[in-house]
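Report on the following structure.
A note on names: the letters A, B, ... follow the listed sequences, proteins ahead of strands, and every chain is numbered from 1. Values below: all heavy atoms of this structure, side chains included; hydrogens, waters and symmetry mates excluded.
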Amino acid sequence: MTLTLPSYPQPDERGRFGRFGGRYVPETLIPALDNLDAAYREAKTDPAFLNELERLLREFVGRPSGLYLAERLTRHAGGAKIYLKREDQNYTGAHKINNCLAQALLAKRMGKRRVIAETGAGQHGVASATAAALLGLDCVVYMGVEDMRRQELNVFRMRLLGAEVIPVTSGTSTLKDATNEAIRDWVTNVRDTFYILGSVVGPHPYPAMVRDFQSVIGEETKWQLGELEGREVPDVIIACVGGGSNAIGIFAPYAYLPEGQRPRLIGTEAAGEGVDTGRHAASVAGGRIGVLHGAMMYLLHDHEGQITPPHSISAGLDYPGIGPEHCLYSETGVAEYVPVTDAQALEGLQLLTRLEGIIPALESAHAIYHAVQLAPSMSPDQIIVVNLSGRGDKDVAEVMRLLAKVEDAPGNAERQEVRA
Amino acid sequence: MTAVQSRGVARIRAAFDNARAEGRAAFIPFMTAGYPSATEFPALADDLLARADVLEVGLPYSDPLGDGPTIQRASEQALADGTSTRGTIELVRELRTRHDTPIVIMTYVNPIYAVGPREFMRLSQEAGVDGLILPDLPPDQDLEIADLAAEHGLAVTFLIAPTSTPERIKLVAEACTGFLYAVSVTGVTGAREGTALGEVPAMLELARQHTDVPIAVGFGVKDAQTAHEVALLADGVVVGSAFINAVHEGRDVPALAKKLADGCVR
C-alpha cells in the first residue's frame with residue numbers, strides 16, 4: 001500500500017481558513033515559512049517521501065492503530081455503540097508521533113540538522129525526540145517548568161532519547177510560554193533549524209500541514225469502520241481539543257463530506273474548573289477572536305489583548321487557543337465544541353480504566369466522558385467513534401495525587417464508585 | 001495619498017532630516033511603557049527624550065515573540081504594575097505635553113485587535129502618537145491596519161530582516177510610511193556580544209531601491225561603538241534592551257543616552 005496524503009481544502013493565499021489563521025510572525029520567519037510550504041507541497045507528491053513515511057508509520061509506529069468496539073463502556077452508557085480509535089497504541093503512546101515523524105522526515109529532506117519542538121504534556125516532546133533519534137537529528141525541546149513538574153517521566157524519556165530539554169520559566173511556565181520560546185529559537189536559528197510544531201496552530205502552513213499528517217487517523221477509521229460495520233461514516237465522532245491536532249486528524253476526512261453525509265463532529269474543550277470560573281482552557285466556549293503564535297483564532301485573552309493563563313487538569317489541553325481550521329468549523333457549524341471539566345475528565349478516565357482496562361490520557365478522558373453522556377440519547381444501531389488520542393501512563397502520578405485529594409474531601413467517597 | 005499628508009509621517013521625516021542635516025543618524029531609544037513602574041516611567045522617558053530624535057515606546061504584551069528575555073521581563077514587570085494598552089497611550093499623551101519629539105508605539109497586533117483597530121488608531125491619534133512599529137505584522141497579512149493608521153495620521157513601520165528575500169524587502173519597503181526598520185541580526189531583540197553587520201549594507205541597499213523612507217537599524221546595538229557602526233550605514237539607530245538593562249542594573253540612563261546619541265554622529 002502506498003501512502004497518499006489527502007487534498008482537503010487549503011487555506012487561502014494569506015494562509016487563512018476563512019478569517020482564521022494567517023502568518024502573524026516576525027518578518028525574519030516569513031521566508032522560512034515560504035520554504036517550508038514549498039518543500040511540503042513537493043514532498044506531498046513525491047513517492048520517495050511518501051513510501052518512507054508509510055514504512056515508518058507501519059513498521060516503527062505500528063499503524064494502523066486499532067478501531068475497537070468498547071462493549072462494556074457501550075453497555076454502561078446504554079445507547080449508541082462506542083468505538084475507540086486507538087491512537088494510544090502508537091509507539092510513544094499518542095497520536096503525536098504521526099506528525100513528528102512526518103515533519104522530521106521533511107526536516108531531513110530540507111537538509112536541516114537541528115529540530116526544535118515545544119511540549120506541554122510531553123507527548124509531542126517525546127515524539128519529536130524519538131523521531132530525531134531515529135533520523136539522526138539534533139533535538140531541543142522547550143517545556144514550561146510547571147509542565148516539567150507534572151510530567152517528570154516524559155522529561156526523563158526525552159533526555160534519554162538524546163534531546164536537550166530547556167525549562168521555560170517565563171509567563172505562566174506552561175505550553176504557551178514553551179511555544180513562545182520555541183518560536184524565538186526559530187527566529188534566531190532559522191537558517192539551520194526546523195521547527196516541529198506539535199498541533200494545528202501556528203503560522204501557515206503549519207495548521208494545514210499538521211492536519212494532513214494527522215489525517216491518517218480519520219482515513220484509517222473510514223476503512224476500519226467499513227470492515228467492521230459495513231459503513232465508513234459513523235453518526236458521531238468525538239475528540240478532545242487543545243490546539244486540536246488529534247481532533248482535526250479524525251475530523252478532516254469527514255468534515256468536507258457534503259452536509260447530510262457528514263457525521264456530527266464534536267470537540268471536547270478543557271473546561272477546567274468550569275467555564276464560568278475563569279479557570280479553564282476552553283477557547284471556543286470562553287474565548288474571543290485574537291492572535292497568538294502567528295495565527296488568528298479563538299483565544300483566551302483579556303479586553304486589552306493580554307493572553308490570560310489557561311487551566312486544565314491535562315497539560316496537553318492547557319493552551320489558550322484552538323487551531324484556525326477548528327475555528328472555521330465552529331463558525332460554520334461543521335463541528336461543535338463542548339466544554340468538559342477537570343472533574344468530568346477524571347471521571348471519564350476512571351470509567352474507561354475500570355470498564356475496558358484502558359488507562360486513557362487525561363486529554364482523551366474529556367472525550368470519553370462526553371461520549372458516555374451522549375450515547376444514551378442515541379439508539380443501539382448508531383455509532384460513536386471516540387478518538388483515544390493517547391494513553392495515560394504519563395498522567396498516572398498526577399491522577400494518583402488528584403484522586404487522593406478527592407477521596408480526602410468529605411462526602412466524596414461514593415463518587416469514586418463506578419458500576420458497570 | 002493620505003499617507004503623504006499624514007501628520008506622523010511628516011514629523012518623523014522631519015526628525016530624520018534634521019538629524020541628517022546635523023551629520024547624525026537619528027537616535028531612536030526604546031523603553032517599555034510603565035517600566036520599571038508606572039510612576040518611574042515618565043521621568044525615564046524624559047531623560048531619553050532629551051537626546052532622542054524619535055522615541056519608541058513599547059506597549060507591554062504578555063507574549064512578545066520578537067523580543068528577547070530583557071524586553072520580555074520588562075513587559076512582564078510593567079503589566080504586573082498595571083500598565084494597560086489605554087494606559088500606554090495615556091503615557092504618550094502626558095509626554096506630548098512636554099516634548100515635541102516624535103513618539104512611536106511598538107506593539108504586537110493582538111492588543112490592537114482586542115481594542116479594535118479603528119478605536120486603537122483613534123486613541124493614538126488623539127494622544128499625539130506619531131506612528132506604530134508592528135513586529136509581528138508582515139504588511140501583507142492585514143492591509144486594513146496600515147490604511148486605518150494613515151487615515152488617523154499615523155505612520156506605520158514594518159520590519160525587514162537578514163533572511164528577507166528581495167521580493168519581501170520590496171513589499172515591506174513599499175508598505176512603510178514613517179521609516180523602515182531593518183533588523184540587524186537573525187534573531188530576537190537584545191544587546192549581544194559581537195553583533196556583525198555583515199549582511200546589513202546589502203539589505204539596506206536593496207531596500208533603498210524600493211523606498212525613499214528613512215531606514216533605521218536595530219537589534220543588538222548596545223554601546224557607542226556599535227551605535228556608530230550602524231550610524232555609518234543607516235539613517236537611524238534603535239537602541240532598546242541596553243536601556244532596559246541599564247534601568248534594571250540601576251545605571252545612569254541619561255549618561256548612557258548621551259553616549260549612544262554621540263555614537264550616532266557620523
Discussion item. Quick check for you: among B/P64, B/P162, B/S164, which has the greatest number of heavy-atom pairs under 4.5 Å with chain A?
Written reply: B/P64
Worksheet entry | Best-contacting candidate, A/I289, A/N180, A/N189, A/D177, against chain B by heavy atom pairs under 4.5 angstrom | A/N180
Worksheet entry | Residue among B/F120, B/Y108, B/Y113 with most heavy-atom pairs under 4.5 Å to chain A | B/Y113
Practice prompt. Answer yes or no: is there an ion pair linking B/E119 with B/R122, defined by an N-O contact shorter than 4.0 Å?
Written response: yes
Practice prompt. Look at the side chain of B/S184 and the backbone N and O of B/G218, then say whether any donor-acceptor pair between them is shorter than 3.5 Å.
Written response: yes
Item to complete: Look at the side chain of A/S173 and the backbone N and O of A/G144, then say whether any donor-acceptor pair between them is shorter than 3.5 Å.
Response: no
Worksheet item: Between B/P111 and chain A, which part of the residue has a heavy atom less than 4.5 Å away: side chain, backbone, both or neither?
Response: both
Worksheet item: Which region of B/V188, side chain (C-beta onward) or backbone (N, CA, C, O), has a non-hydrogen atom less than 4.5 Å from a non-hydrogen atom of chain A, or is it both or neither?
Response: both
Discussion item. Counting heavy-atom pairs closer than 4.5 Å to chain B, which one of A/I30, A/T308, A/L292 comes out on top?
Written reply: A/I30
Worksheet, complete the sentence: Cut-off 4.5 Å, heavy atoms of chain A, and the answer for B/L79 is side chain
Practice prompt. Could you tell me the separation between the CD atom of B/Q72 and the CG atom of B/D63, rounded to the nearest 0.5 Å?
Written response: 7.5 Å
Discussion item. Which atoms of B/P69 are under 4.5 Å from chain A, going by heavy atoms: the side chain, the backbone, both sets, or neither?
Written reply: neither
Practice prompt. Using a heavy-atom cutoff of under 4.5 Å, enumerate the residues of residues 199-212 of chain B that contact chain A, numbered in order, or state 'none'.
Written response: B/E199
Discussion item. Using a strict threshold of under 4.0 Å (side-chain N to carboxylate O), is an ion pair present between A/R184 and A/E181?
Written reply: yes
Discussion item. What part of B/R86 gets within 4.5 angstrom of chain A, counting heavy atoms only: side chain, backbone, both, or neither?
Written reply: both
Worksheet item: Which region of B/Q141, side chain (C-beta onward) or backbone (N, CA, C, O), has a non-hydrogen atom less than 4.5 Å from a non-hydrogen atom of chain A, or is it both or neither?
Response: both
Discussion item. For B/D140, which atoms come within 4.5 Å of any heavy atom of chain A: side chain, backbone, both, or neither?
Written reply: backbone
Item to complete: Taking only Lys NZ, Arg NE, NH1 and NH2, and the carboxylate oxygens of Asp or Glu, determine whether A/D192 and A/K112 approach each other closer than 4.0 Å.
Response: no
Worksheet item: Where does A/I307 contact chain B at under 4.5 Å (heavy atoms): side chain, backbone, both or neither?
Response: both
Fill in: Aromatic ring pairing B/F179/B/F16, orientation class (parallel under 30°, perpendicular over 60°, tilted between)
tilted
Practice prompt. Salt-bridge test for A/D318 and A/R150: reply yes if a basic N is under 4.0 Å from a carboxylate O, no otherwise.
Written response: yes
Practice prompt. Could you walk me through whether A/R23 and A/D34 pass salt bridge (Lys or Arg N to Asp or Glu O under 4.0 Å), step by step?
Written response: CA-CA 11 Å; A/R23 279 183 176 174; A/D34 281 337; 2.8 Å; yes
Fill in: Short N-O contact, A/D185 and A/R114, less than 4.0 angstrom
yes
Item to complete: Test salt bridge (Lys or Arg N to Asp or Glu O under 4.0 Å) on A/K44 and A/D212 and set out the steps.
Response: CA-CA 9 Å; A/K44 231 178 139 164; A/D212 293 351; 3.1 Å; yes
Practice prompt. Using atom types as modelled and distance alone, determine if a side-chain donor or acceptor of B/N110 lies under 3.5 Å from a backbone N or O of A/G305.
Written response: yes
